[in-house]
Structures are given as structure tokens and as C-alpha cells.
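Letters A, B, ... are given to chains in the order of the sequence lines, protein chains preceding strands, and every chain is numbered from 1.
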2 protein chains.
Amino acid sequence: MSPEYSPTAPRSAVSPNDLRPAALDDVDQILVDALRRDARMPNNALAALAGIAPSTALGRVRSLIERGVIRGFHADIDPRALGRGLEALISVRLQAHARKHEAFTRRIAKLQEVVDIYFIAGANDYLLHIAVLDAHSLRDFVIEHLGADPEVAGTETTLIFEHLRPRP
Amino acid sequence: MSPEYSPTAPRSAVSPNDLRPAALDDVDQILVDALRRDARMPNNALAALAGIAPSTALGRVRSLIERGVIRGFHADIDPRALGRGLEALISVRLQAHARKHEAFTRRIAKLQEVVDIYFIAGANDYLLHIAVLDAHSLRDFVIEHLGADPEVAGTETTLIFEHLRPRP
DNA sequence: CTTGAAATATTCGGCTT
DNA sequence: AAGCCGAATATTTCAAG
């Protein structure tokens, strides 16, 4: 008998050189969902939730990490507790001839103030989400780390009044 | 003897009605830092790292949660694994007379596609970070959830090529 | 904040489907 | 391949000092 297509098995990747992690089955979905809500949920409880043995849950979670589906487990910390009560978004446009995007990214990524780096389409090249102590620190950040860089053609800073993360 | 200033004690809040969590001592700092890197680090290991007994570490972490310093523990999931390989930023401007910001926020916060809601200063009122399946879903999202709302005066959508989160 | 002990959870090898 | 079981290790948690 020739091999045949199984409709219940996960499909292979859609495009040829696709780095997408393999599709998640129902159990994986439950585990991922639970860990997204509470990364410290015991393996025990995960197993019970998913209706599998603890050892199986352990293997599943390890596989999810291995496959890159779970990229990490992190505590969400109130920036105010870290003395970073002021958050801002900074649009950054690099010089047209600038081809040192990677170097810029690496340099910016090292700065303590930087929370997110979005590499974006459109007139600007980056949107930086930063968290600092106060307005003075914000100015210092822009002047010292962006204004001083000859590759940076321009910046635009916008204050964040409130930041919500609805999912977790 | 009159009460005197103790240089080692944490200062009280700077401004009168300040909701800032109390300052963190060295041990708290270590715990917060470790849990930010790895939310699943065992309480045991945390204790050893901070140089305190496990029971003390347990109490410290609970206190940090209680005080709102730690807002949660979350697994970081690759959006591609969730079938959300396309991310975008959408600037949203509400009608000048719109005073239903809270209602808008609540409605948007419920949508599965929404990753972050930034309430910002400037010409626009919101910046939404969303993750969707593909360009078609993105268009649908804008039309259905933003374009259809009479309170929304305008939107501007920008694709995210890459999103880095340097800290963890 | 620590100790110490009981209750829970993790983890692995070996076995079953 | 993937899952379960059982048993040794490890961890969590609380009451007491």
C-alpha cells in the first residue's frame, strides 16, 4: 500500500524554507496557553490541566522550548519599581546611505533604557520603546545615544501615558 | 534623643499621592532580576542566589507580587507558532470630541490580535501593536475594528519587520 | 530571618501502546 | 513516536524559635 495523506496529522510547513515552528496540537495549545498566563505553574498542574501524565507534560514543554515555540519565561516587572516611571516611543530614521543597521541595532539593544526595538516599514526605520527615570533622562538618552550618532538622520519622541498588555 | 534620619532605610515616596511601589533593597533587586531572566527559576535557586533561606525567598517573592512590583510571570511565545506571523503598529486618532476613550480601550483590549496598547501624547491617541496571520487579516482588523468605529478619526498602519526585546 | 520536617513536585529509566 | 508508571531526588511551604 502506498503512503497516503493523513488529514489529522499536522501539515508540513507551507513555504519551502520556512522557519515556522511545527503546528501545535491540542495538548501543546493548552500548555502554551497556561504558561502564557502563568509561567510558574507547576509541571504537575500543567499535566492535570492538559490531561496527561507529569512526565509527558515535562517532555512536551521541553519540546516546545526546543522547537522555539516557547522563547523564554519572564517576570513582568513594574517599571516604576525599577525607577523607570517615564516611558516613551522614539521613531528613528537613519541616513539614506546608512547600511550599518545591524551595528545600530546591536548598540541600541545594549542600553538599559531600551524595552523594545521595532524595525519597521515606512518613512522611519525604527521605533524604540524606552523606559527612563524622568524627562531629563529622556532628553539625555535622545541626545547621547541618538543625536550624537551621525548615522541617525532624525528622531521623533512621543510620551506614553499608559501602556496596556491585554493578553496575559 | 530625637528621631533621626537613617541613611540605610528606604526613603518614603517622593510625591504626595505617589503610587510608586516602595524602593527595592539589594535582595529584592537580585530576585527581581533573576525572575526577569527566568521566571521558572526554583525558589531554592533564587534563595541561594540572593544568599537567603528558601523560606525567606518565598516570602520576598510573595511580597514583591503583593506590592505590585512583580505583575506576573509569562511564557514568551513565538507569534508564528500561534499563526500570527505578521505584526504591525497602528496609530489611531479618535475624533476630537470623542470622550469615550475608556470604552474604546476596553473594546480593543479584548481583541485577540492586540499585543500592546500604548496611550500616547501627540497628534495620535493610541498606538496599537497587533499580531495577525497575514496581510489579509491585517486589513480585516483595521476595517472591522477601527474603520467601522465612528469614534475613530483615522489610522495609520506600519508593518513590523522585526521585533527585538533586548532586556531578557 | 532561619531551621526543620511534612507535603508536593520534578525527573528519569524502563515498560506499554 | 509518544505516553505512562513508579520511585529516587529536589523543592515548596509552614509553624516555631
Residues B:Asp149, B:Arg107: salt bridge by 4.0 Å N-O rule: yes

In residues 38-50 of chain A, what residues come within less than 4.0 Å of DNA chain C, judged by heavy atoms? A:Pro42, A:Asn43, A:Asn44

Report yes if some heavy atom in the side chain of B:Tyr126 is under 4.5 Å from a heavy atom in the side chain of B:Leu94; otherwise report no. yes

Salt-bridge contact B:Asp116-A:Arg165 (side-chain N to carboxylate O under 4.0 Å): yes

Protein-nucleotide distance (A:Leu31, atom CG; D:dG3, atom P), rounded to Å: 10 Å

Just wondering, are more than 12 heavy atoms of other shown residues or ligands nearer than 6.0 Å to CD in A:Gln95? yes

Short side-chain N/O contact to C:dT2 OP1/OP2 from B:Thr56, under 4.0 Å: yes

Convert the base pairs of DNA chain C into dot-bracket notation, remembering that pairs crossing earlier ones are written with [ ] and that bases paired across to another strand are shown as |; include only Watson-Crick or G-U pairs under 3.5 Å. ||||||||||||||||.

Go through the steps for A:Asp134 and A:Ser137 under the test side chain to side chain donor-acceptor pair (under 3.5 Å), then give the verdict. CA-CA 5 Å; A:Asp134 56 17; A:Ser137 315; 2.7 Å; yes

B/S/- contact track for nucleotides 12-17 of chain C, protein heavy atom under 4.0 Å: B-----

Answer yes or no: is there an ion pair linking B:Arg67 with B:Asp28, defined by an N-O contact shorter than 4.0 Å? yes

Single hit among A:Leu35, A:Asp38, A:Asp76 for side-chain contact (heavy atoms from CB on, under 4.5 Å) with B:His74: A:Asp76

